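For the numbers below, each heavy atom of this structure counts, side chains included, while hydrogens, waters and symmetry mates do not. Nothing here was measured: the structure is a model prediction, and the numbers come from that model.
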Amino acid sequence: MSAHHAAALRSLLFVPADNERLLSRAQLRGADGLILDLEDAVPASGKERARRALPSHIARLAAEVQYLVVRTGSAREDWEKDLRAAVRPGLRAVMLPKTECPGQLTEVAAFLDALERERGLPVGSVGLIALIESPAALFALAALAEASPRVCALALGSEDFAQSLGIAPTPLVLTEPCRWIALAASAAGIGSFALPLSLAVLDRPEALAHAARQARELGVTGALCVHPAQVAAVNAAYAPGDAEIAWARRVADAWDAACGDGGGPGVIRVDGLMVDAPVLRRARALLLSLPPADAAGHTVTIDHGGDR
């Protein structure tokens, strides 16, 4: 399991690494993390300038942003230059595009090992996010997730994935990749970022929120955003709703009441449904994720009793 905690992030916002105006306000957009993009967002003519400026951007943003990522180029000649510019205190992870085989990730991991030693950083401190952009990558998900201890998340590049199939990035096309990515990431104990919707959707917040809720229900832990206008809808979709919180409180309260002075009841009934240890753990984990004021007055210690 990765120690880079990407699974706790609801939203990662792409910011072009060569756009000073956008970079100056990126930390104010409400995203849980930022991806400084050296790949698609920066034209070839601007990459060297972006690399030169990257250290100062990382130093400033790392003090204000929970999670800072750099997306590199996919070719080795590009990602070596990108990593030399990016690896320094404050960088939490690197996103490698067009990942299809574990060897790509192990090569980057070995290069990171050397850079961290060279720069006096703890070896293993920079995580790896594998960007899934083709059907071939989909069939290698388990191997990609386990390619290196650095791998902290799998992410879906919806536009490129659909383009590789020669079709539009519709919900019908993207739902299954979301499901597969969620399953592979969960099995490996890492994060997942995927939406069953084109990332190019900017002016339909209801559709974006619906897609993010669907992804969450599939087990996806967060979403990539390409515009600040997408962040609020994604964050809200990954926050428990009032009905979910009320259900979790009813379950926790009913279980505590059934316990009395003795041991756990094993099984109880809440809202006409059976509640046993796994359901209780889910309810208490939800309460544990709430701000202290929202969870006040409720037991949030997770019972690690046996499964069904």
Side-chain angles (χ1 to χ4, degrees), residues 4-43 46-47 49-72 82 85-95 126-127 129 131 152-153 155 157-159 191-195 197-213 215-216 220-241 289-294:
H4 299 281
H5 308 300
L9 306 175
R10 301 165 298 174
S11 54
L12 285 176
L13 174 64
F14 283 101
V15 186
D18 66 339
N19 191 313
E20 299 285 342
R21 180 180 63 84
L22 296 181
L23 286 165
S24 69
R25 295 180 57 81
Q27 75 279 10
L28 305 176
R29 302 304 188 178
D32 288 344
L34 299 176
I35 304 171
L36 307 189
D37 192 3
L38 284 170
E39 197 211 15
D40 290 348
V42 180
K47 290 192 188 293
R49 181 172 63 85
R51 290 180 186 120
R52 289 194 297 272
L54 197 62
S56 63
H57 292 311
I58 290 174
R60 179 182 65 83
L61 289 169
E64 303 181 65
V65 177
Q66 176 182 345
Y67 206 89
L68 202 58
V69 181
V70 168
R71 177 163 72 164
T72 69
D82 296 340
V87 174
R88 59 199 61 254
L91 181 70
R92 297 293 300 277
V94 170
M95 176 178 280
V126 177
I129 300 175
L131 192 57
C152 57
S158 57
E159 311 304 307
S192 53
F193 299 92
L195 280 176
L197 186 73
S198 168
L199 293 183
V201 173
L202 302 180
D203 58 356
R204 291 160 51 206
E206 300 85 0
L208 181 63
H210 178 68
R213 287 192 296 270
R216 183 179 172 221
V220 178
T221 62
L224 304 179
C225 301
V226 297
H227 192 280
Q230 298 172 321
V231 173
V234 165
N235 284 351
Y238 275 92
S289 73
L290 300 177
D294 291 339

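Closest of all the heavy-atom pairs between Tyr238 and Val220 is CE2-O, 3.1 Å. Taking each heavy atom of Ala26 and Val15 in turn, the nearest pair found is CB-CG2, 3.9 Å. Contact detail for Asn235 and Ser11: the closest heavy-atom pair is OD1-OG, 2.7 Å. In this structure, Gly90 and Leu68 approach most closely via the heavy-atom pair O-CB, 3.7 Å. Closest of all the heavy-atom pairs between Arg60 and Ser24 is NH2-CA, 3.7 Å. Shown here for Ala239 and Arg216, the closest heavy-atom pair between the two residues is O-NH1, 3.8 Å.
Atom OH in Tyr67 sits 10.0 Å away from atom CD1 in Ile35 (nearest 0.5 Å). Between the CG atom in Leu12 and the CG atom in Asp32 there is a gap of 7.5 Å [rounded to 0.5 Å]. The line from CG of Leu23 to CG of Leu54 is 9.0 Å long, rounded to the nearest 0.5 Å. For the atom pair CG (Leu22) and CG (Leu13), the distance works out to 9.0 Å, reported to the nearest 0.5 Å. Within the model, atoms CZ of Arg204 and NE2 of His210 stand 10.5 Å from one another, a figure rounded to the nearest 0.5 Å. To the nearest 0.5 angstrom, Ser192 atom OG is 11.0 Å from Ile129 atom CD1.
Only one option out of Leu38, Asp40, Leu36 pairs with Arg71 in a side chain to side chain contact (heavy atoms under 4.5 Å, CB included); it is Asp40.
Contact check for Val87 versus Val70: no side-chain heavy atoms found under the 4.5 Å cut-off. Using a 4.5 Å cut-off on side-chain heavy atoms (C-beta onward), Ser158 and Leu195 make no contact. Residues Met95 and Phe14 meet the side-chain proximity criterion, which asks for heavy atoms closer than 4.5 Å. Looking only at side-chain heavy atoms (C-beta outward), Arg92 and Val69 stay at 4.5 Å or farther from each other.
Side chain of Lys47 to backbone of Asp18: no donor-acceptor contact under 3.5 angstrom is found. Between the side chain of Gln230 and the main chain of Leu208, no donor-acceptor pair closer than 3.5 Å is present.
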For side chain to side chain contact (heavy atoms under 4.5 Å, CB included), just list the numbers for Leu131 and Leu224, CA-CA rounded to whole Å, side-chain angles, deciding distance to a tenth of an Å, and then say yes or no. CA-CA 11 Å; Leu131 192 57; Leu224 304 179; 4.2 Å; yes
